[in-house]
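Accompanying notes for the structure given below.
These numbers come from the heavy atoms of this one structure, side chains and all, not from hydrogens, waters or symmetry mates.
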Amino acid sequence: MPYDGEYAKYQTINRISETERVKQLLNRAKVSISDEERELIKPSKAPSREDNVAQLVLAIDGSNTEIDIKSDYPGAKIGYCTVACVLIDLRLVEKLESNRPFDPVKFRKTEKTATIDAALPSSNVVTRRQISAKSSFRDELFDLFANYTFDEEDKTTLLETYEELLKVKPTTNPAKCPYSDCDEILDIKSGHGNCGKCKRPIYSTDELRIHERFNEMGSNAEAISYVMQVWERIFLIHILRGFERKGLLKNLDKIAFFLDGPLAIFGPPAWLSSSIKKELKRVNSLVLAETDKDIILVGIEKSGGFVSHFEGPCQEFCVNS
């Protein structure tokens with residue numbers, strides 16, 4: 001292992017990047033970005049700081065794992081997901097902060113939590129209603145969306161929120177029938193029905209296409225990770241729409257929303273990013289009309305491309321500037 005600051009003497013990548021052929025390719029290349037996206041990332045003046053920017057912080061974070069189960073079938077696994085929502089009262093935190101050391105019991109009272117917990121069939125696990133592990137996974141995923149409600153007073157399910165996003169899904173790259181022996185192109189709507197060709201069950205959550213990464217015989221850590229990512233972001237939209245249903249959008253200027261990881265979604269359910277962007281824009285316009293302020297929404301990235309960028313050339317540029 002090299003010590004900090006040590007570089008290899010034979011820098012192959014650097015040598016390749018300086019070849020004439022690579023330079024010509026880079027000269028022909030361009031950043032693939034639409035005019036709409038370009039307008040969104042145009043630099044703008046930072047807003048002035050206000051003492052009452054946010055009184056509450058609502059943080060959403062998820063975790064997932066896959067575990068072996070004891071059964072007569074070798075390689076049988078269960079996927080487990082949980083998404084936590086934590087509401088922190090910054091006013092109480094600030095009050096405790098001004099008088100250190102503070103009582104841990106009192107600090108615990110500054111936050112309230114809610115969670116979604118779910119177990120999903122993985123490899124070699126078949127539920128009673130299905131004939132394969134993949135079909136069992138699809139069936140259980142739909143049921144989880146359909147059965148989850150966030151508020152005892154508001155019976156709107158997570159499935160209803162998801163299906164609102166499904167209504168504004170881009171029309172490109174339509175889904176195929178999830179059964180391997182059927183090539184029907186689907187126009188998936190709300191609820192569940194049957195494929196027009198093979199007549200087998202189809203669920204609205206099939207449009208997420210997470211089942212495409214499902215492995216009947218091996219690990220499904222990737223598919224379970226996609227479920228967690230989708231839940232985190234739909235959970236956020238579900239909460240915002242809950243404020244709208246209750247006529248409480250005027251209170252959103254007091255709340256800052258934090259989401260662990262990037263705000264975008266990648267992989268098979270990547271189309272959700274576009275639908276979520278449209279929904280955030282719609283809700284934000286209502287909040288802006290009520291409060292004259294935008295929603296405060298932050299995605300926290302601890303690793304990945306953006307972090308590497310800011311730790312490297314971007315950081316050097318900022319320091320030198």
Any carboxylate oxygen within less than 4.0 angstrom of a Lys/Arg side-chain nitrogen, looking at [X] and [Y]?
| X | Y | answer |
| --- | --- | --- |
| D154 | K246 | no |
| R282 | E244 | yes |
| R241 | E279 | yes |

State, with a plain yes or no, whether a side-chain heavy atom of [X] is found less than 4.5 Å away from one of [Y].
| X | Y | value |
| --- | --- | --- |
| F258 | I300 | yes |
| L259 | E232 | yes |
| L272 | I234 | yes |
| I224 | C81 | yes |
| R129 | D139 | yes |

Run the side-chain contact (heavy atoms from CB on, under 4.5 Å) check on R209 and N173 step by step: do they pass? CA-CA 11 Å; R209 298 171 61 174; N173 196 22; 3.1 Å; yes
Could you please spell out the steps behind the side-chain contact (heavy atoms from CB on, under 4.5 Å) verdict for N64 and W231? CA-CA 11 Å; N64 65 93; W231 271 357; over 6 Å; no
Is it true that a side-chain atom of [X] and a backbone atom of [Y] form a donor plus acceptor pair closer than 3.5 Å?
| X | Y | value |
| --- | --- | --- |
| T110 | F107 | yes |
| Y162 | T157 | no |
| T149 | K155 | no |
| R233 | Q229 | yes |
| D117 | T82 | no |

Kindly check if the number of other-residue, nucleotide or ligand heavy atoms within 6.0 Å of [atom1] ([X]) is above 12?
| X | atom1 | result |
| --- | --- | --- |
| I131 | CD1 | no |
| N194 | CG | yes |
| E216 | CD | yes |
| K176 | NZ | no |

Candidate pair E111 and L92, rule side-chain contact (heavy atoms from CB on, under 4.5 Å), full reasoning: CA-CA 9 Å; E111 61 183 42; L92 295 179; over 6 Å; no
Can you label the angle between the F137 ring and the F214 ring as parallel, tilted or perpendicular, going by 30° and 60°?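 Aromatic pair F137/F214 classed tilted.
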Whether F243 and F257 hold their rings parallel, tilted or perpendicular, with breakpoints at 30° and 60°: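 Rings of F243 and F257: perpendicular, as their planes differ by over 60°.
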Decide whether V57 and V298 are clustered together by the hydrophobic rule: side chain heavy atoms of Ile, Leu, Val, Met, Phe, Trp, Tyr closer than 4.5 Å, transitively.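 Yes.
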To the closest 0.5 Å, what do you measure between CG (L263) and NZ (K277)?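 Atom-to-atom, L263:CG and K277:NZ are 10.5 Å apart.
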Would you kindly check if the NZ (Lys) or CZ (Arg) of R213 is within the cone defined by 45 degrees around the ring axis of F266 and under 6.0 Å from the six-membered ring centre?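 Judged by the rule (NZ or CZ under 6.0 Å from the ring centre, within 45° of its axis), R213 is not positioned above F266.
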Does the side-chain contact (heavy atoms from CB on, under 4.5 Å) test come out yes or no for L87 and D89, once each step is laid out? CA-CA 7 Å; L87 183 66; D89 191 329; over 6 Å; no
What closest approach, in Å, do P262 and E301 show between heavy atoms, and which atom pair accounts for it?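 So the two residues come closest at CB-OE2, 3.6 Å.
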E94 vs R91, salt bridge (Lys or Arg N to Asp or Glu O under 4.0 Å): CA-CA, chis, key distance, verdict: CA-CA 5 Å; E94 187 175 0; R91 295 165 298 183; over 6 Å; no
